[in-house]
Peer 1: 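Sharing a structure with you now.
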2 protein chains.
Amino acid sequence: MGLNVRYRAVLVKLERRNTNILMRYSNFYKDALLNDIIPFWEKNSLDKVDGGYFSCLDNQGKVYDTDKFMWLQARQAWIFSMLYGEVEQNSTWLNIAKSGIDFIVKNGMDGEGNFYFSTTRSGSALVQPYNIFTDCFAAMALCQYGKVSGDEESLILAEKTYQNIRKRSSSPKGIYEKNTGGRQLKSFALPMILANLVLELEGILKKEEVNEVLENIVHDIMYGFLDKETGLIFESVRPDGTHDDSFEGRLINPGHGLEAMWFVIDIAARNNDKKLIEKAVNTIIHILEYAWDNKYGGIYYFMDVRGKPPLQLEHDQKLWWVHLEALIALAKAYECTKDKSVFDWFQKVHNYAWTHFSDQENGEWFGYLNREGKIHLNLKGGKWKGCFHTPRAMYQCWKSFEGVGL
Amino acid sequence: MGLNVRYRAVLVKLERRNTNILMRYSNFYKDALLNDIIPFWEKNSLDKVDGGYFSCLDNQGKVYDTDKFMWLQARQAWIFSMLYGEVEQNSTWLNIAKSGIDFIVKNGMDGEGNFYFSTTRSGSALVQPYNIFTDCFAAMALCQYGKVSGDEESLILAEKTYQNIRKRSSSPKGIYEKNTGGRQLKSFALPMILANLVLELEGILKKEEVNEVLENIVHDIMYGFLDKETGLIFESVRPDGTHDDSFEGRLINPGHGLEAMWFVIDIAARNNDKKLIEKAVNTIIHILEYAWDNKYGGIYYFMDVRGKPPLQLEHDQKLWWVHLEALIALAKAYECTKDKSVFDWFQKVHNYAWTHFSDQENGEWFGYLNREGKIHLNLKGGKWKGCFHTPRAMYQCWKSFEGVGL
């Protein structure tokens, strides 16, 4: 399997233009975003009857299930709002964003402003608000949309949702929490998403709140979840940061760690904190060295830090988002350091990803490969894959390489 | 990969004895139960400090995690009680059973008699009683142990647990139910486990209750979950038995269907209901024809009846229990029908299973193979695999072939 024909042609064209290699990568990702990924979702995902988006799209982009997962509605609304604000004031994009925002505002919340996990196509609630992650993506989407459209109500609801998240964040699963508390572990998912959320909501939150939350989170991540000895990010640690020899306590989710590290680079860049950037970049490299499959290529989905059998039956599969977050992390790490070994890693992940995930025939990326890199689920979207990681990574890589290549 | 050396030797020995092929299979499974499977658990799983059993055993039988999952504690206690009652009054087996019963009675329940999902090694509760399935296995274990040991208290607690299950069975997940009820689907898991439970508890329940529950359940399974058109058992159907075009509504779990069919054969055999036996046998064959992987062999774990991408990332893996339940179903189907095509299927599944799952070096079966049949998780037990399906299937196949072969 080689780099697909479409992208080979793009590369040849870019090489002929004699631009430097960094600008070639930048243009490659810009082209992918605007001529492959975004057109795929514009063409296939819009529900012109009930509003919002279909996320269950088969390999050709055909809808195979019409359920609507609120967090994917919010993520797609966020993407199209962001494109409108950052790339081009294209009214089609704003209308697409509005369609998702309208859907989640109308159908997405219970009486207390908590966001359902899923609804039917027309908006009847199916699955209860069993954690706060959907709410986080809803708040981000509402804020981004409000910012670019000028819609005040979206900003007010974004702020209200943020306050609700903060209130619920001491027990993110609420009544649905199955743990007795007999084994106290804190989960990496929470600081991770809060970091992203607070950065996104910066414009509508008090400056002191933003700074305080970010400082705490970065400390929590870099001195709590990041393990000194292995240089890896753990999914769960004890409140005092020590490790627990249990399935949860041994779990490493490399994609999660990589994603977090580029959030940390973004936060560090705001404060021009070079030491923090260096620490984040080292962590990115550690994670990749640890989680790269030297036999078949690609990054593992889950690992047990002691090499014990993990609970996750999908542990050795190669997932689209893991590789996309790795690409963003490496592009940002290179932007900050200009380090050759970081660039080498970027090229390695880039080559694996574009030869295995990208679909030249019907566009976008496949989501799930088996360990050997063969297509495992023949889909472009589902309950967990929507219009988010692919376009976000295309945008971030485009901008990072533009930042160093120009 | 061939049938492992140990079992090849057993077969050669059995052939030399000039027994008929049915008795050879019977003796093969008896030998496997008594000289491979049971010794593995006797040697490796007993917690001599805190009581109960370790289920997280690596390929060599070494403990890699000490958490205790109540349903696996109950299942192992059931197996050793059953062996004591049905195979041999071996006091070691009764003591092993007692150790698990003592552990779950002492540590397994909350204040209302609901069974926790898991505890630490020493018995501190970790995961709440979030459904009634653990309770079902606890009731079975308590009843079986009480019956063979004469321990009255176990029988009383078994009956009390049964009443609690019946009370909770209209909402098996209780407060942990995430569905809003906006899409009403009934789950196959419930009638399936109740059928097993009521048969197990027959001795301590009123005769009318047993008959009424069994009649309702068999009707529910054979006229509700069994689809006339495809001949397959669905995991979820609407209350009126029609199908819902959603992830849940399209889901087929072949192992689950096969296991249910031998429960139905057992129930039908009690009433000498030949029509029902015929229907169950036909369903077994339908499921196998549908779910057999013609490329790599073995039975798929999950399938979408419309061929859409399933949610389960492990959908194409080959699991130990699915193949063991298929073997029991086929052995019982053959016992009832003497049909050659049923026997051919038995031999096909037998050959696949013994060449792929069985471990000649360290005993017992691997639990999880990838689609191609290679070992996917290098373990003999974990959170979901314990001392249950393997010994139960060895026992059932031994007895079924003895029934027809003698």
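All chains are named by letter (A, B, ...) in the order of the sequence lines, taking the proteins before the strands, and each is independently numbered beginning at 1.
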Peer 1: Answer with side chain, backbone, both or neither: which region of A:Tyr130 has an atom nearer than 4.5 Å to a non-hydrogen atom of chain B?
Peer 2: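 Just its side chain gets close to chain B.
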Peer 1: Would you call the rings of A:His315 and B:His376 parallel, tilted or perpendicular, where under 30° means parallel and over 60° means perpendicular?
Peer 2: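 Correct class here is tilted.
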Peer 1: Are any side-chain N or O atoms of A:Gln317 and backbone N or O atoms of B:Leu313, one a donor and one an acceptor, separated by less than 3.5 Å?
Peer 2: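 Confirmed, A:Gln317 side chain pairs with B:Leu313 backbone.
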Peer 1: side-chain contact (heavy atoms from CB on, under 4.5 Å), that's the test. Do B:Thr180 and A:Val127 meet it? Break it down for me.
Peer 2: CA-CA 5 Å; B:Thr180 59; A:Val127 176; 5.8 Å; no
Peer 1: According to salt bridge (charged side-chain N to carboxylate O under 4.0 Å, His left out), does anything in residues 109-135 of chain A pair up with another residue at least two apart or in another chain? List the pairs.
Peer 2: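 Those involving residues 109-135 of chain A are A:Asp47-A:Arg121, A:Asp50-A:Arg121, A:Asp135-A:Arg168.
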Peer 1: A:Gln312 versus chain B, heavy atoms under 4.5 Å apart: side chain, backbone, both or neither?
Peer 2: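 For A:Gln312, neither part sits under 4.5 Å from chain B.
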Peer 1: Taking B:Phe117, B:Tyr116, B:Tyr368 one by one, which has the highest count of heavy-atom pairs under 4.5 Å against chain A?
Peer 2: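 Looking at each of B:Phe117, B:Tyr116, B:Tyr368 in turn, B:Tyr368 comes out on top.
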Peer 1: Is A:Asp58 close to chain B through its backbone or its side chain, or both, or neither, when contacts mean heavy atoms under 4.5 Å?
Peer 2: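 Neither the backbone nor the side chain of A:Asp58 comes within 4.5 Å of chain B.
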Peer 1: Examine whether an atom of A:Tyr64 lies under 4.5 Å from a heavy atom of chain B, and if so say whether it belongs to the side chain, the backbone or both; otherwise answer neither.
Peer 2: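 Contact with chain B involves both backbone and side-chain atoms of A:Tyr64.
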Peer 1: Is the shortest heavy-atom distance from the side chain of A:Lys178 to the side chain of B:Tyr176 under 4.5 Å?
Peer 2: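 Yes. Closest side-chain heavy atoms under 4.5 Å.
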Peer 1: Please work out which of the three classes, parallel, tilted or perpendicular, describes the rings of A:Phe69 and B:Phe247, given edges at 30° and 60°.
Peer 2: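 The rings of B:Phe247 and A:Phe69 sit tilted, inter-plane angle from 30° to 60°.
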Peer 1: Heavy-atom cut-off 4.5 Å, strictly under: side chain, backbone, both or neither for A:Leu126 against chain B?
Peer 2: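 It is both, since atoms from each part get that close.
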Peer 1: Are the side chain of A:Ser124 and the backbone of B:Gly182 linked by a donor-acceptor contact shorter than 3.5 Å?
Peer 2: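 Not a single qualifying donor-acceptor pair exists.
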Peer 1: Within residues 291-311 of chain B, which positions have a heavy-atom distance to chain A below 4.5 Å?
Peer 2: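 At a heavy-atom separation under 4.5 Å, chain A is reached by B:Tyr301, B:Lys308, B:Pro309, B:Pro310, B:Leu311.
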Peer 1: Could you tell me whether B:Lys186 atom NZ has more than 12 heavy atoms of other residues or ligands within 6.0 Å of it?
Peer 2: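 Count over threshold, so yes.
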Peer 1: Please determine, among B:Glu177, B:Arg250, B:Lys173, B:Lys383, the option with the most heavy-atom pairs under 4.5 Å with chain A.
Peer 2: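 Heavy-atom pair counts peak at B:Arg250.
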Peer 1: Could you please spell out the steps behind the side-chain contact (heavy atoms from CB on, under 4.5 Å) verdict for A:Arg183 and B:Asp67?
Peer 2: CA-CA 11 Å; A:Arg183 175 179 288 150; B:Asp67 280 0; 2.7 Å; yes
